[in-house]
Amino acid sequence: MFYQLSPVGNPIHLSRADQPEVLLQAFGQGYQPHYYASGTTALAAAIVAAIRLKPVDKPEVLLPAYGCPDLISAAVFAGAKPVLVDLEADRPWMDIEQLAEKTNTNTVAIIAVNLFGISERLAELRPFAERVGALLIEDSAQAFPSGKEKDIWQGDVVVLSFGRGKPVSLLGGGAVLCDMEHSRHNELAGLLPEGVTQDAGNIQKQILFRIKAGLYNGMINPRLYWLPQALPFLHLGETRYYPLPSLEGMDRVKLSMLSSNVKAYQSDLMSAQNKLAVILDGQDLEGRGIVDLPKACKITADRRLLRYPLLIEPEIRDQLHAKLLKLGLGPSRMYLKALPEISGLETLLSGQGLFPVAASFADRMLTLPTHSHVSQADIEKMCQVISN
Ligand SMILES: Cc1ncc(COP(=O)(O)O)c(C=O)c1O
């Protein structure tokens with residue numbers, strides 16, 4: 001009971017050594033960052049820019065029917081109708097045929113989500129966006145470059161999150177990266193709404209952040225994670241819909257620590273993830289009806305995942321989840337419902353039809369942790385449970 005891995009969670013580094021070259025390198029030459037208070041805010045800002053770029057009476061944005069409800073909060077805040085697209089069978093990607101059917105003159109943006117670190121097929125989505133003059137937004141809140149691979153992003157704009165449990169976490173913050181090579185770039189960057197900048201941060205604010213970050217680092221330690229899990233008011237792992245109240249800029253205390261946290265993230269050797277991928281590859285998962293999503297999506301060993309996702313028949317998924325949880329191995333069944341079923345979204349998303357693949361993802365998803373607290377012994381135990 002006292003050893004519990006968290007499903008996600010890299011520690012926060014509290015060094016303020018500002019190294020702009022680290023960010024330039026991580027974002028890639030072509031992209032210029034604009035910072036916001038969260039990933040949701042950054043996505044809302046990108047959708048606002050998409051509407052300004054293509055003003056229509058009834059703007060619509062296309063997005064996958066399985067995933068984080070914050071995408072809906074961002075679309076609603078920006079004043080666009082979220083139009084759901086089901087997934088392809090056994091792939092975390094939007095169904096291209098359905099995407100084609102749902103793209104129309106009102107479409108201002110297509111949101112491609114890099115789920116759990118697995119990239120969407122941006123090159124395949126681009127012609128649909130270009131055909132109707134819509135923006136291709138790459139939501140990379142869950143995928144950040146490991147530093148070992150080149151050019152992971154291909155969107156017209158890329159959205160990042162530095163929130164809790166994200167690849168690079170600062171307990172809040174987000175960014176829109178604008179592609180400088182995009183033909184409409186200058187116009188686009190100018191169309192992004194300003195986030196109301198939070199003040200430069202007095203000493204109290206800095207101390208408060210350090211205390212919060214220290215507590216977070218303590219809580220995601222496997223020896224202490226049982227503690228926040230035992231506190232129901234923290235709603236850990238629950239998926240909820242929260243409307244976005246306002247469009248704010250990123251806290252400068254957090255911004256001052258971004259480059260050192262990116263550097264720490266990129267210096268991780270990814271040994272847990274690589275070991276997990278190798279052992280799972282040696283098991284006959286396919287024969288047992290288990291889909292190893294990173295393998296099925298041909299994810300290379302230099303791609304860092306936020307979590308390791310598997311699709312498993314619901315009853316077995318739930319049994320494995322219970323066993324792994326009992327052993328403190330940090331499994332998660334997120335997201336437990338497709339977007340139209342999430343509490344608070346039933347009315348907002350009603351009448352859009354059925355999304356059987358998204359629903360089946362919700363029933364079959366099991367993720368294993370790959371963060372820096374996961375040891376080789378943990379991986380061996382996880383694989384033993386899965387193989388039995
Ligand atoms: C794919 C995706 N986009 C956007 C967000 C929103 O990010 P934030 O929590 O920083 O608002 C999340 C949050 O989990 C996410 O998973």
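Counting starts at 1 for both ligands and their atoms, in listed order. We count residues from 1, following the sequence as given.
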Q: Looking only at side-chain N and O atoms, does Thr367 offer a donor or acceptor that is under 3.5 Å from a partner on Arg307?
A: yes

Q: Ignoring hydrogens and angles, write down the donor-acceptor pairs under 3.5 Å from the side chains of residues 109-117, residues two or more places apart or on other chains.
A:
from	atom 1	to	atom 2	distance (Å)
Asn114	OD1	Glu120	N	3.0
Asn114	ND2	Glu138	OE2	2.9
Asn114	ND2	Ser140	OG	3.1

Q: Table please: side-chain donor-acceptor pairs of residues 281-291 below 3.5 Å, with sequence neighbours left out.
A:
from	atom 1	to	atom 2	distance (Å)
Asp281	OD1	Lys295	NZ	2.7
Gln283	NE2	Cys383	O	3.0
Asp284	OD1	Gly287	N	3.0
Arg288	NH1	Ile386	O	3.1
Arg288	NH2	Ile386	O	2.5

Q: Please list every donor-acceptor pair under 3.5 Å in which a side-chain atom of residues 334-343 meets a protein atom from a residue at least two apart or in another chain.
A:
from	atom 1	to	atom 2	distance (Å)
Tyr335	OH	Gln142	NE2	3.0

Q: Salt-bridge test for Arg317 and Asp363: reply yes if a basic N is under 4.0 Å from a carboxylate O, no otherwise.
A: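 No salt bridge links Arg317 with Asp363.
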
Q: Check whether any side-chain heavy atom of Ile12 lies under 4.5 Å from a side-chain heavy atom of Leu170, and answer yes or no.
A: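 Side-chain contact under 4.5 Å: yes.
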
Q: Starting from the N and O atoms of ligand 1, collect every protein N/O partner closer than 3.5 Å and put each pair on its own line with the distance to 0.1 Å.
A:
from	atom 1	to	atom 2	distance (Å)
ligand 1	3 (N)	Asp139	OD1	3.2
ligand 1	3 (N)	Asp139	OD2	2.6
ligand 1	10 (O)	Gly39	N	2.8
ligand 1	10 (O)	Ser161	OG	2.7
ligand 1	11 (O)	Gly39	N	3.4
ligand 1	11 (O)	Thr40	N	2.9
ligand 1	11 (O)	Thr40	OG1	2.5
ligand 1	14 (O)	Lys166	NZ	2.9
ligand 1	16 (O)	Gln142	NE2	2.8

